[in-house]
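This report refers to the structure that appears directly beneath it.
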Number of protein chains: 2
Amino acid sequence: MDTKDAPYTIVSRLPIYLRALTFMAQKGQEITSSQELGRKLGLSPAQIRKDLSHFGEFGKQGTGYEIEHLQQQLKRILNATGKWQMILIGAGDLGRAIVLHYGGFEERGFNIAAVFDRDPHKIGQKLGQFEILDSQLIPQYVRKTGIKIAIIAVPASEAHNVAENLIEAGVKAILNYAPITLSVPPEIQVQYMDPVIYLQRMTYYLGT
Amino acid sequence: MDTKDAPYTIVSRLPIYLRALTFMAQKGQEITSSQELGRKLGLSPAQIRKDLSHFGEFGKQGTGYEIEHLQQQLKRILNATGKWQMILIGAGDLGRAIVLHYGGFEERGFNIAAVFDRDPHKIGQKLGQFEILDSQLIPQYVRKTGIKIAIIAVPASEAHNVAENLIEAGVKAILNYAPITLSVPPEIQVQYMDPVIYLQRMTYYLGT
DNA sequence: TAGATTGTTAATCGATTAACAATC
DNA sequence: TAGATTGTTAATCGATTAACAATC
């Protein structure tokens, strides 16, 4: 396991690098440098080279980085070569928005496989292409499919229960849209998508 | 300007503290401690005390923090006492999802004031309660209203142009849902909401 | 008073930057 | 060769943690 000991600070930047490289590749660009990447991402060239050097040597002195190659390497490091299956918990407004209106998952290696809700009025109904399944079926579904990633889109008051059930069933990573911090065992990954948190990180700097 | 020099690392945690305090307050709890907060948020008590000490003394030895009071103080520090007006650029699927299906802005101090798109087929149509306005009107709208916050929900290819127009018009903070890093002057705040970035930060740890 | 928890200092730890030899 | 850029080392910088006097 060559890569699992990289500091999270570094890991957290790799998807940003990958996204930038994909954008450049789409425009037909073939080569880039730590300087160019740094300029586009607002980071120092040194930091980008240092980050990449944790995982190997991907560049060529005097030339820079072959975009296609670095892209492939980052995908490999991030386990982003295949397609990850995910389940979505919560078929309310937020869940509906994620399923119906967010189109970016598929082309970047993620797929929603099933949607769950605990509301009897919703179970059995359709959410886009999905039939909404009973939340009670989550454990057996996760065990059967081996799915490791879940998206939580339930109200804050329910999020913690849902998370515990998911983890109990074998889920290892949670993308949490509920506006609450989840307490989970250290080996479980959680990331947060509450836009208000991000807005407040900016209003601090805005004056009143 | 007593607070504007706090390190971003600290500032970035304040909204998390505020969210946790609000949750506790809703449950009727009146007092908390750095220990309890730390446990709930996965942070060390020392860090929480250190963070808060950058802005003042909000606790009482032997007792802890009065939740209502600390909440008020954090709101003041974060400029989260009033209601911020925002504009949304992009009335596609993503913009629609944000306006119609995300309900959490209002009660937490943010409000969408207007929606813009550049597509002639969309301009003049309704998005929920909003009439979609022509993107060309953004500059005059921003100047007239003094709005400082914009949400970008256009395709990646358009995001940079949109951002430049917004900044030119006087916008100071951007919540960017487009999957691309924006290059902006250092005094402009940007935060990113691309879920795939967050998913890839987790898949690194999941093995293949 | 005894117990608890703050705010703060000093020590530790980790991340970023600057600089440069290696080399394409 | 001359110019450019990498990968890496050492120095700097900043953030976290541990510990404790102050005090409620």
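Computed from a predicted structure; not experimentally measured. Letters go in sequence order (proteins before strands), and every chain restarts at 1. FYI, side chains are in, hydrogens and waters are out, and symmetry mates aren't considered; it's all heavy atoms of this structure.
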Write down the distance between [atom1] ([X]) and [atom2] ([N]), rounded to a whole number of angstrom.
X: A:Leu70; N: D:dT6; atom1: CG; atom2: P; result: 10 Å
X: A:Tyr17; N: D:dT6; atom1: OH; atom2: C1'; result: 15 Å
X: B:Phe58; N: C:dG7; atom1: CZ; atom2: P; result: 8 Å
X: B:Glu66; N: D:dC24; atom1: CD; atom2: C1'; result: 15 Å
X: A:Ile48; N: D:dT6; atom1: CD1; atom2: C1'; result: 13 Å
X: A:Ile67; N: D:dT6; atom1: CD1; atom2: C1'; result: 16 Å
X: B:Gln47; N: C:dT5; atom1: CD; atom2: P; result: 19 Å
X: B:Leu52; N: C:dT5; atom1: CG; atom2: C1'; result: 13 Å

Next on the checklist: I'd like to check the salt bridge (Lys or Arg N to Asp or Glu O under 4.0 Å) partners of A:Arg201; sequence neighbours left out, ordered by chain and number.
Outcome noted: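 A:Arg201: no salt bridge (Lys or Arg N to Asp or Glu O under 4.0 Å) contacts found.
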When you measure from the side chain of [X] to the backbone of [Y], do you find a donor-acceptor pair of N or O atoms at a distance under 3.5 Å?
X: B:Asn176; Y: B:Gln191; value: no
X: B:Lys83; Y: B:Glu106; value: yes
X: B:Asn165; Y: B:Ala169; value: no
X: B:Asp117; Y: B:Ala91; value: yes

Checklist entry - OP1 or OP2 of C:dA4 less than 4.0 angstrom from a side-chain nitrogen or oxygen of B:Tyr65, does that happen here? => result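 No, B:Tyr65 has no side-chain N/O under 4.0 Å of OP1/OP2 on C:dA4.
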Next on the checklist: Measuring to OP1 and OP2 of C:dT5, would you say a side-chain N or O of B:Ser34 lies under 4.0 angstrom away?
Outcome noted: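 False: B:Ser34 side-chain N/O out of range (4.0 Å or more) of C:dT5 OP1/OP2.
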No-hydrogen, no-angle side-chain donor-acceptor test under 3.5 Å, [X] and [Y]:
X: B:Tyr205; Y: A:Asn79; answer: no
X: B:Gln140; Y: B:Arg143; answer: no
X: B:Thr145; Y: B:Gln85; answer: no

Item to check | 5' priority, DNA chain C, between A:Thr63 and A:Pro7 [closest heavy atom] | outcome: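 Final value for this comparison: A:Pro7.
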Checklist entry - Which one, C:dG7, D:dG7, C:dT16, comes nearest to the side chain of A:Glu57? => result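 So the side chain of A:Glu57 is nearest to D:dG7.
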Item to check | Proximity to DNA chain C (any heavy atom under 4.0 Å), residues of residues 181-190 of chain A only | outcome: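 Contacts with DNA chain C under 4.0 Å: none.
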Checklist entry - Counting only non-hydrogen atoms, which of residues 24-31 of chain B are less than 4.0 Å from DNA chain D? => result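 Nothing qualifies; none.
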Item to check | Quiz item: cation-pi between B:Arg19 and A:Tyr192, 6.0 Å / 45° | outcome: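 Relative to the ring axis of A:Tyr192, which defines the angle, B:Arg19 lies inside both limits.
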Nucleotides 18-21 of chain D: which of its N/O atoms have a protein N/O under 3.5 Å away?
| residue | atom | partner | partner atom | Å |
| --- | --- | --- | --- | --- |
| D:dA19 | N6 | B:Arg49 | NH2 | 3.2 |

Item to check | Ionic contact status for A:Glu158 with A:Arg118, cut-off 4.0 Å | outcome: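 Counted as a salt bridge, because a side-chain N and a carboxylate O are separated by less than 4.0 Å.
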Item to check | Note: B:Asp194-A:Arg108 ion pair, threshold 4.0 Å (strictly below) | outcome: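 Salt bridge present between B:Asp194 and A:Arg108.
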Item to check | Strand DNA chain C as a dot-bracket string - pairs counted if Watson-Crick or G-U with both distances under 3.5 Å, | where the partner lies in another strand | outcome: ..||||||||||||||||||||||
Next on the checklist: Strictly by salt bridge (Lys or Arg N to Asp or Glu O under 4.0 Å), give each pair with a member in residues 21-41 of chain B just once, sequence neighbours left out.
Outcome noted: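 Residue pairs passing salt bridge (Lys or Arg N to Asp or Glu O under 4.0 Å), neighbours aside: B:Glu36-B:Lys40.
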Checklist entry - Could you give the distance from CD1 (B:Ile89) to CG (B:Asn161), rounded to the nearest 0.5 Å? => result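 Those atoms lie 13.0 Å apart.
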Item to check | Shortest non-hydrogen contact from B:Tyr177 toward A:Pro195 | outcome: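 Here B:Tyr177 and A:Pro195 meet closest at OH-CB, 3.6 Å.
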